[in-house]
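Every heavy atom of this structure was used, including side-chain atoms; hydrogens, water molecules and symmetry mates were not. Below, chain A is the first sequence line, B the second, and so on; all start at residue 1.
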Protein chains: 2
Amino acid sequence: MRLADLSKRSGVSTATIKYYLREGLLPPGRQINATTAEYDEDHLRRLRLVRALIQVGKVPVAAAREVLGHVDDDSLGRTVRLGAALWALPQEAEPDEADPAVAAARVEVDRLLELLGWETSREMAPLSPVHRSLVVAVAALRRLDYPWDAELMAPYGALMMEVARRDLDFMESHASEAEQVELAVAAAVLFQPVLRALHRLAQEEESARRYGIE
Amino acid sequence: MRLADLSKRSGVSTATIKYYLREGLLPPGRQINATTAEYDEDHLRRLRLVRALIQVGKVPVAAAREVLGHVDDDSLGRTVRLGAALWALPQEAEPDEADPAVAAARVEVDRLLELLGWETSREMAPLSPVHRSLVVAVAALRRLDYPWDAELMAPYGALMMEVARRDLDFMESHASEAEQVELAVAAAVLFQPVLRALHRLAQEEESARRYGIE
DNA sequence: CTGCTTGGATAGTGGCGCTATCCGAAGGAG
DNA sequence: CTCCTTCGGATAGCGCCACTATCCAAGCAG
């Protein structure tokens, strides 16, 4: 398969594919001679993943490169590999430690993890960008006078744990460890739009049920 | 409160506030004379909401303006107002109708709504950008060989319905109808980062439990 | 009056995801 | 062999967007 074929089968322009090659999102093809390179089904699969991350998941190109780097790093164990990939995804900006809403949010998030019994997350807390993102997001809500505390958040956490269990169950039904990590990353990134759309639909549905269309 | 005070209390630069005023995200202050305008607590509250939408929720400025316009439109009933605001939020791009993955996704989404008994959403389906976004997101997953069908999605839908019910319960504990719609929009937009962070934390936690840290 | 601050208008900046153009080499048609 | 298209790589540029820097005339304090 040559670059033009890869373009046709993926629906991505050759110019964009070249850009992804340049940016290291896609491994180079097997060079046949000075003007021809050969690509295979793996390239096509990777290209589709890249497109999905960038277009549907809105992951910036630089972050996608880093995430894929961790996914491909088979020197790491499964959990570490998944963790590294998830940590490379775009996160909220650094919290302003002087902000009292941030301090309050941190306390509530710590209590939340205790309530939920998420021991690994508690241990990782000081390092984890995901944990930090949660603190920032909760602080933003509290600044708008949402009295969000651990007790209010716990049910959401339990729901997300159930979602995560389904993700990993599905993941386990797939072949290689590398492919499994890839699936988990895709789950983390691409389920977002699905969950968001389901959430909004559910809001509309429930609002219509409670208050009618008026 | 003058512009400079508004800036100090919100932590947003005067240049950026002027930009928001120009873009119509913030109603103009009460003009005292040619060089002074007076702002009040409502302006501060609205500014904080705008900042949260844009920075935490990543809502583009143009979309935020439209959303806030619907929130402020008290000629509409509650459900319609919420619907209009949610529909103005950024959505996935138009689906490529020629793509077989899109057609398959549409079938599965329709079956999903039937399974869940979301009648209002089924009626609104041809019009709703939220519905369309769901189709696009599911199509993206199917293109990556996720065999996502209605039966697999239904539990996620049920979970999101539970989340939405909690949102609206919380919303009802608040005062005015305008404020309620504002809260629901904030819920739709700002819970996203919270759910995302909880989802990722849950994935890490469950992965560590199943496979250890290695 | 002097000198600083105010709010409004306008043009400019920086980052990012592409995209258009140019180039020399390769390969098929005649 | 020549002609002409097509190939892939390199480079510069484009369009969008969220700000941001600059300028200006009008006011206000001392």
Notebook entry, point to check: Is a salt bridge present between E182(B) and R81(B), judged by a nitrogen-to-oxygen distance below 4.0 Å?
Noted result: no

Check: Any salt bridge between R30(B) and E38(B), counting N to O under 4.0 Å?
Finding: no

Checklist line | Residue mapping more 5' on DNA chain D - nearest nucleotide basis, M1(A) or A15(B) | finding: M1(A)

Note to self: Here's a test of your reading of the structure: between N33(A) and Y20(A), which maps to the more 5' nucleotide of DNA chain C?
What the structure shows: Y20(A)

Checklist line | Whole-Å distance separating the CG atom of L53(A) from the C1' atom of dG17(C) | finding: 15 Å

Notebook entry, point to check: Quick one: which of dT20(D), dA18(D), dT11(D) gets closest to the side chain of S13(B)?
Noted result: dT20(D)

Checklist line | Residue A4(A), side-chain heavy atoms: nucleotide from dC7(D), dT20(D), dT6(C) that is nearest | finding: dC7(D)

Margin query: Side chain of R22(B), heavy atoms from C-beta onward: which of dG17(C), dT11(D), dA11(C) has the nearest atom to it?
Written below: dA11(C)

Notebook entry, point to check: In whole angstrom, what separates E23(A)'s CD from dT19(C)'s C1'?
Noted result: 14 Å

Next item on the list: Rounded off to whole Å, could you give me the CD-to-P distance for the E38(B) and dG27(D) pair?
Entry: 17 Å

Next item on the list: Calculate the interatomic distance between I54(B) atom CD1 and dT20(D) atom P; express it in whole Å.
Entry: 12 Å

Note to self: Tell me whether R165(A) is salt-bridged to E205(B), with the criterion being a basic N under 4.0 Å from an acidic carboxylate O.
What the structure shows: no

Note to self: Using whole Å, what does the distance between atom P of nucleotide dC23(C) and atom NZ of K18(A) come to?
What the structure shows: 14 Å

Notebook entry, point to check: Could you state the CG-C1' distance from L26(A) to dC18(C), rounded to the nearest angstrom?
Noted result: 15 Å

Notebook entry, point to check: Whole-Å distance between dA25(C) C1' and Q31(A) CD?
Noted result: 12 Å

Next item on the list: Check whether any side-chain nitrogen or oxygen of R51(B) sits under 4.0 Å from OP1 or OP2 of dC19(D), and answer yes or no.
Entry: yes

Notebook entry, point to check: Within the side chain of S133(A), is there an N or O that forms a donor-acceptor pair under 3.5 Å with the backbone of P129(A)?
Noted result: yes

Notebook entry, point to check: T16(A) side chain: which of dG7(C), dT19(C), dT20(D) is closest?
Noted result: dT19(C)

Next item on the list: Could you check how far OH of Y19(B) sits from P of dT13(C), rounded to whole Å?
Entry: 17 Å

Checklist line | Test item: H43(B) and M1(B) side chains (from C-beta on) under 4.5 Å apart, heavy atoms | finding: no

